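What follows is a short report on a single structure.
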Amino acid sequence: MMIFSNSELTLPFSNNFQVTGGSSGIGKCIAIECYKQGAFITLIARDENKLLQTKKEIEKYCVNDKQVVLCISVDVSKDYEQVENVLKQAQEKLGPVDMLVNCAGTSVTGKFEDIEVNSFERLMAVNYLGSVYPSRAVIATMKERRMGRIVFVSSQAGQLGLFGYTAYSPTKFALRGLAEALQMEVKPYNVYVTVAYPPDTDTPGFAEESKTKPLETKLISETSSVCQAEQVARVIVKDAVQGNFNSSVGSDGYMLSILTSGMSPVTSITEGLQQVVCMGIFRIVGLFYLGSFDSIVRRCMMQREKSESADKTE
């Protein structure tokens with residue numbers, strides 16, 4: 001369903017795409033990727049000024065004079081009725097949504113006992129309900145039209161729980177459960193769901209998160225490279241248009257997708273066979289990774305206790 005020619009891709013549908021969290025990071029790059037192919041884009045985010053700045057940036061990639069970038073300033077995690085109303089207004093202007101990309105999200109890192117309780121509530125609202133509400137607003141029309149794509153942008157932290165992510169990881173794990181259940185409901189209507197698991201990606205959100213990461217989290221993150229948002233966006237769009245349930249980036253991402261495949265849907269028999277064949281060897285590799293992560297946490301704990309002990313004796 002997607003045709004590649006060198007670095008170009010061709011989108012299906014009439015190309016009406018809505019992107020939440022579209023004013024920066026991966027969301028903005030997804031919008032740019034689609035706009036380059038002639039898509040109509042609706043950007044959805046809270047900050048109106050950032051939305052307008054992003055709109056100007058995206059419009060530089062215009063390929064025909066009919067294209068439109070529509071901006072909607074709304075908090076997709078707070079009031080479902082408001083979200084539903086503004087998305088309906090957008091569809092009245094640009095037509096039914098062909099693809100919804102749920103990219104709105106935020107992160108808080110820290111030790112479990114150090115994270116404020118309201119942070120757990122806020123992250124669940126933004127990262128989970130912020131994807132539920134827009135999806136709920138467009139799903140009925142997609143089923144009626146017998147076509148559509150919904151993308152949930154999770155994270156590799158939604159496949160593997162890591163030190164420092166006790167508030168963040170559960171919200172990203174929740175998206176997979178939503179995606180699996182929803183895919184079973186809408187597949188007969190030719191509507192397909194994709195859940196993306198990007199690795200650490202060079203975005204403003206990642207830069208902000210890095211300022212407060214515990215040492216253990218930083219050291220674990222440094223065991224893999226940081227991806228560029230443009231690369232991640234291209235992979236997500238490709239997988240979504242092709243109707244792939246899982247979307248991962250790089251060799252580590254592929255391994256994690258195999259290891260965590262469980263009862264998740266497969267796009268083809270080949271994909272299922274790859275999971276069966278690779279599961280055992282990837283589990284062995286994964287155990288080495290887990291061992292190294294545990295070693296990092298243990299070393300940091302010992303260094304901290306040694307430093308505290310030295311301070312007490314002074």
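Treat the numbers as computed from the prediction; the structure is a model and nothing was measured. FYI, side chains are in, hydrogens and waters are out, and symmetry mates aren't considered; it's all heavy atoms of this structure.
Hydrophobic clustering (side-chain heavy atoms under 4.5 Å, transitive across Ile, Leu, Val, Met, Phe, Trp, Tyr) keeps V232 apart from L160. Cluster annotation: L175 is not connected to V153 through the hydrophobic network of ILVMFWY side chains, with a link wherever side-chain heavy atoms come within less than 4.5 Å. Criterion: ILVMFWY side-chain heavy atoms under 4.5 Å apart, direct or through other members. Under it, V138 and F17 are not part of a common hydrophobic cluster. No chain of hydrophobic side-chain contacts below 4.5 Å, direct or via other Ile, Leu, Val, Met, Phe, Trp or Tyr residues, connects F245 to V101.
Between the CG atom of N246 and the CD atom of Q159 there is a distance of 7.5 Å, given to the nearest 0.5 Å.
Between the side chains of E180 and S264, no donor N or O sits under 3.5 Å from an acceptor N or O. Donor-acceptor pairing under 3.5 Å is lacking for the side chains of E116 and N118. Using modelled atom types, one finds no donor on one side chain facing an acceptor on the other under 3.5 Å when comparing T141 with R145.
Of the possible donor and acceptor atoms, none in the side chain of S77 sits under 3.5 Å from a partner among the backbone N and O of L129. Between the S247 side chain and the D239 main chain, no donor and acceptor come within less than 3.5 Å of each other. When atom types are taken as modelled, the side chain of S307 and the backbone of R304 share no donor-acceptor pair closer than 3.5 angstrom. With Q67 contributing its side chain and A39 its backbone, the two residues share a donor-acceptor pair below 3.5 Å. Side chain of N85 to backbone of E81: a donor-acceptor contact under 3.5 angstrom is found. With S135 contributing its side chain and S131 its backbone, the two residues share a donor-acceptor pair below 3.5 Å. Put simply, the side chain of Q82 never gets that close to the backbone of D79: no donor and acceptor are under 3.5 Å apart. T194 places a side-chain N or O within donor-acceptor distance of the main-chain N or O of N244, the cut-off being under 3.5 Å. Formation of a donor-acceptor pair under 3.5 Å by the E84 side chain with backbone atoms of Y80 is not found in this model. For S295 (side chain) and G291 (main-chain N/O), no donor-acceptor pair under 3.5 Å exists by modelled atom type.
Of all the heavy atoms in T54 and G22, the pair that sits closest is CG2-O, 3.6 Å. Of all heavy-atom pairs between R176 and G262, the closest is NH2-N, 4.1 Å. Between V97 and Q91, the closest heavy-atom pair is N-OE1, 3.5 Å. Between V63 and K36 the shortest heavy-atom distance is CG1-O, 3.1 Å. The nearest pair of heavy atoms linking R122 to V108 is NH2-CG2, 3.3 Å. Contact record, I115 with G110: CD1-O, 3.4 Å, taken as the closest heavy-atom pair.
At a threshold of 4.5 Å between non-hydrogen side-chain atoms, the residues M301 and V297 do not count as touching. Residues F40 and N16 have side chains in contact (heavy-atom distance under 4.5 Å, counting atoms from C-beta outward). With contacts defined as side-chain heavy-atom distances shorter than 4.5 Å, the pair V74/V76 qualifies. By the 4.5 Å heavy-atom criterion applied to side chains, L162 and F293 are counted as neighbours. By the 4.5 Å heavy-atom criterion applied to side chains, E209 and T109 are counted as neighbours. Side chains of V191 and R149 form no contact here, defined as non-hydrogen atoms less than 4.5 Å apart. Considering only heavy atoms from C-beta on, E48 stays 4.5 Å or farther from C71 through its side chain. Contact of the S248 side chain with the L256 side chain is not registered, since no non-hydrogen atoms from C-beta on lie closer than 4.5 Å.
Pairs of residues two or more places apart, or lying in two chains, never qualify as ring pair (Phe, Tyr, Trp, His ring centres under 6.0 Å) while including a residue from residues 179-202. Listed by first then second residue, pairs satisfying ring pair (Phe, Tyr, Trp, His ring centres under 6.0 Å) with a partner in residues 146-175 read Y165-Y168, not counting sequence neighbours.
Residue-environment remark: CD1 (I269) stays at or below the threshold of 12 foreign heavy atoms within 6.0 Å.
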Hey, mind stepping through K172 and S169 against side-chain contact (heavy atoms from CB on, under 4.5 Å) and telling me if it holds? CA-CA 5 Å; K172 293 299 187 176; S169 280; 5.8 Å; no
Take L43 and S23 through the test side-chain contact (heavy atoms from CB on, under 4.5 Å) and record every step on the way to the result. CA-CA 7 Å; L43 295 175; S23 62; over 6 Å; no
Derivation and outcome, side-chain contact (heavy atoms from CB on, under 4.5 Å), residues L94 and V68: CA-CA 8 Å; L94 301 183; V68 175; 3.9 Å; yes
Could you please spell out the steps behind the side-chain contact (heavy atoms from CB on, under 4.5 Å) verdict for F282 and Y254? CA-CA 10 Å; F282 283 175; Y254 177 73; 3.8 Å; yes
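In this structure, K60 does not pair ionically with E57, as no charged nitrogen and carboxylate oxygen lie closer than 4.0 Å. Between K55 and E59, at least one side-chain N (NZ, or NE/NH1/NH2) sits under 4.0 Å from a carboxylate O, which counts as a salt bridge.
Remark: Y61 engages no residue in a ring-ring contact (aromatic ring centres under 6.0 Å, His included) (not counting sequence neighbours).
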